[in-house]
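Just so we're clear, the structure is a prediction, and the values are computed from it rather than from any experiment.
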Amino acid sequence: MSTTTEPRTERSEPGHGRSEPDLSVVVSERRRLINLGYRLLGSLAEAEDAVQETYARWYAMSPRQREAVDSPGAWLTTVAGRVCLDMLGSARVRRERYVGSWIPEPLPDRAEWSSVRADGDRSGPADPADRITLDESVNMAFLVVLESMTPAERVAFILHDVFRYPFAEVAEIVGRSPAACRQLASSARRRVDASRTPSVPAAGRAALLRDFKEAWEAKDIKALVDLLDPDATMTADGGGLVGAALRPVEGSRLIAQYLIHIADKAPGLTLLERTVNGLPGLVAQNAGVTVTVAAFDLVDGRVTRIWAVRNPEKLREWTEDGPS
């Protein structure tokens with residue numbers, strides 16, 4: 001089955017016509033589709049594009065075709081899954097040409113979400129339906145592991161393990177047999193399980209990152225080294241648009257030196273404690289503008305991984321006055 005083939009609709013028998021699905025029912029699916037798209041693509045912008053394409057295909061059908069759809073939600077999910085699968089294939093090619101490391105787009109806490117209306121206009125109040133549900137499946141460590149999967153593995157795993165779709169329905173979206181989808185999800189699950197680290201309570205995370213922030217502000221290299229695991233890794237994403245290390249920085253001392261080098265180059269840098277993809281993180285601002293969003297992974301009271309997103313195109317939700 002081609003991933004671009006539209007799902008079948010069942011036509012009503014003459015005399016048993018039914019009305020076209022209510023607009024509110026169709027629109028109410030948008031939040032779930034955005035949540036699905038973000039987890040599949042690692043980019044809110046791409047998720048919004050995928051959902052827009054999904055709705056375009058819905059409204060491209062005739063009223064009679066829409067009336068014949070038994071479950072608009074299932075139809076929209078199927079199409080959105082296929083659109084995302086196609087986008088993942090092309091994204092892999094684009095990311096091979098990406099300047100430096102590619103990190104998923106970071107998400108702020110709901111209280112800090114920039115104003116985005118369903119039509120894309122950022123001048124009005126935010127629509128709660130546009131917000132991503134922040135849970136374990138959107139923390140940065142999880143999303144980075146998803147990036148190592150094939151598109152089919154990622155779609156099968158997210159649909160089944162995160163959104164609880166049965167493999168029969170996953171197969172309709174992926175275009176493979178239910179047994180094949182089960183194998184894909186199993187392979188993806190092993191990757192996720194292998195990458196898991198012991199969970200750290202939110203209070204413990206926040207306290208450690210507060211110490212990290214204060215050590216960074218004080219340019220205290222010894223304190224930073226003590227807070228970092230000796231084998232820690234820091235990955236930065238500038239996308240070729242701003243300065244960033246093109247390769248991961250490895251080792252506690254090199255990371256500490258790099259962070260102090262950044263502080264020396266930007267004396268007006270302000271560090272803020274913020275929620276990043278549902279977990280405590282840090283945001284760096286220069287003259288009130290967010291220039292870096294950092295997510296962290298912690299093990300045994302030390303920082304083991306840092307993901308620093310500096311690409312301004314990925315920081316639009318962190319800017320008070322986002323682009324219109």
Side-chain angles (χ1 to χ4, degrees), residues 100-101 103-109 111-112 134 136 138-145 195-238 242-312 314-315 317-318:
S101 301
I103 299 175
E105 181 181 342
L107 294 179
D109 183 74
E112 300 159 22
L134 299 177
E136 184 186 9
V138 295
N139 73 53
M140 193 61 75
F142 186 88
L143 292 176
V144 169
V145 174
S195 71
R196 287 190 189 280
T197 57
S199 61
V200 178
R205 284 180 173 272
L208 178 56
L209 290 183
R210 185 171 300 116
D211 291 342
F212 192 92
K213 167 182 173 289
E214 292 173 353
W216 190 359
E217 289 173 329
K219 301 180 184 178
D220 188 337
I221 190 167
K222 182 181 183 303
L224 284 172
V225 169
D226 289 343
L227 290 167
L228 288 157
D229 184 88
D231 298 319
T233 301
M234 185 183 76
T235 305
D237 178 349
V242 295
L246 296 179
R247 295 180 179 82
V249 181
E250 299 178 343
S252 57
R253 182 159 292 276
L254 285 179
I255 293 173
Q257 291 171 342
Y258 183 86
L259 292 173
I260 290 175
H261 172 69
I262 291 174
D264 286 338
K265 288 183 64 177
L269 204 66
T270 301
L271 299 178
L272 305 170
E273 298 171 45
R274 292 290 185 265
T275 298
V276 180
N277 285 65
L279 294 174
L282 294 178
V283 169
Q285 293 187 340
N286 197 342
V289 176
T290 296
V291 293
T292 303
V293 173
F296 296 78
D297 202 13
L298 315 177
V299 176
D300 295 332
R302 287 187 171 183
V303 174
T304 56
R305 288 181 289 181
I306 304 173
W307 296 279
V309 179
R310 304 201 67 236
N311 184 341
K314 295 183 179 182
L315 301 180
E317 298 299 340
W318 299 84

May I ask you to say whether K213 pairs ionically with E217, meaning some side-chain N is under 4.0 Å from a carboxylate O?
yes
Between N139 and F142, what is the shortest heavy-atom contact and its length?
OD1-N, 2.9 Å
Which pair of heavy atoms, one from V309 and one from P104, lies closest together, and at what distance?
CG2-O, 4.0 Å
Can you tell me how far the CG atom of L143 sits from the CG atom of L107, to the nearest 0.5 Å?
8.0 Å
Donor-acceptor check, side chain of W318 to backbone of P106, threshold 3.5 angstrom: yes or no?
yes
Side-chain (Y258) to main-chain (M234) donor-acceptor, under 3.5 angstrom
no
CZ on R205 to CD on E273, rounded to 0.5 Å
14.0 Å
Quick one: CG on D297 to CZ on R302, what's the gap to the nearest 0.5 Å?
15.0 Å
Closest approach of D237 to S101 (non-hydrogen atoms, all atoms of both residues):
CG-O, 3.3 Å
Rounded at 0.5 Å granularity, tell me how far CG in L282 sits from CG in L272.
8.5 Å
Are L279 and V200 side-chain neighbours, meaning at least one heavy-atom pair lies under 4.5 Å?
no
pair Q257-L254: side-chain heavy atoms closer than 4.5 Å:
yes
With sequence neighbours excluded, residues passing side-chain contact (heavy atoms from CB on, under 4.5 Å) with L227:
L208, D211, F212, A215
Shortest non-hydrogen contact from R305 to A141?
NH2-CB, 3.9 Å
For A244 and A236, which heavy atoms make the closest approach, and how far apart are they?
CB-CB, 4.0 Å
Give the intermediate values and the outcome of side chain to side chain contact (heavy atoms under 4.5 Å, CB included) for residues I306 and V249.
CA-CA 10 Å; I306 304 173; V249 181; over 6 Å; no
Counting C-beta onward and ignoring hydrogens, is there a side-chain heavy-atom pair between T197 and T304 closer than 4.5 Å?
no
Do I103 and M140 come close enough that some side-chain heavy atom pair is under 4.5 Å?
yes
Under the side chain to side chain contact (heavy atoms under 4.5 Å, CB included) rule, what do L224 and I260 come out as? Steps first, then yes or no, please.
CA-CA 9 Å; L224 284 172; I260 290 175; 4.1 Å; yes
Flag the pair I221 / R253 as yes when at least one side-chain heavy-atom distance between them is below 4.5 Å, and no otherwise.
yes
Do any N or O atoms from the side chain of R310 and from the backbone of G243 form a donor-acceptor pair under 3.5 angstrom?
yes
Nearest-0.5 Å distance that lies between atom OG1 in T235 and atom CG in L246
12.0 Å
Taking salt bridge (Lys or Arg N to Asp or Glu O under 4.0 Å) as the test, write out the residues that go with D264, two or more places apart.
K219
Does any part of the side chain of S252, heavy atoms only, come nearer than 4.5 Å to the side chain of D229, both counted from C-beta?
no
Is the closest side-chain heavy-atom distance between L269 and I262 below 4.5 Å?
yes
List the atom of V276, the atom of A294, and the distance in Å for their closest heavy-atom pair.
CG2-O, 3.7 Å
How many angstroms lie between atom OG1 of T233 and atom CH2 of W307, to the nearest 0.5 angstrom?
9.5 Å
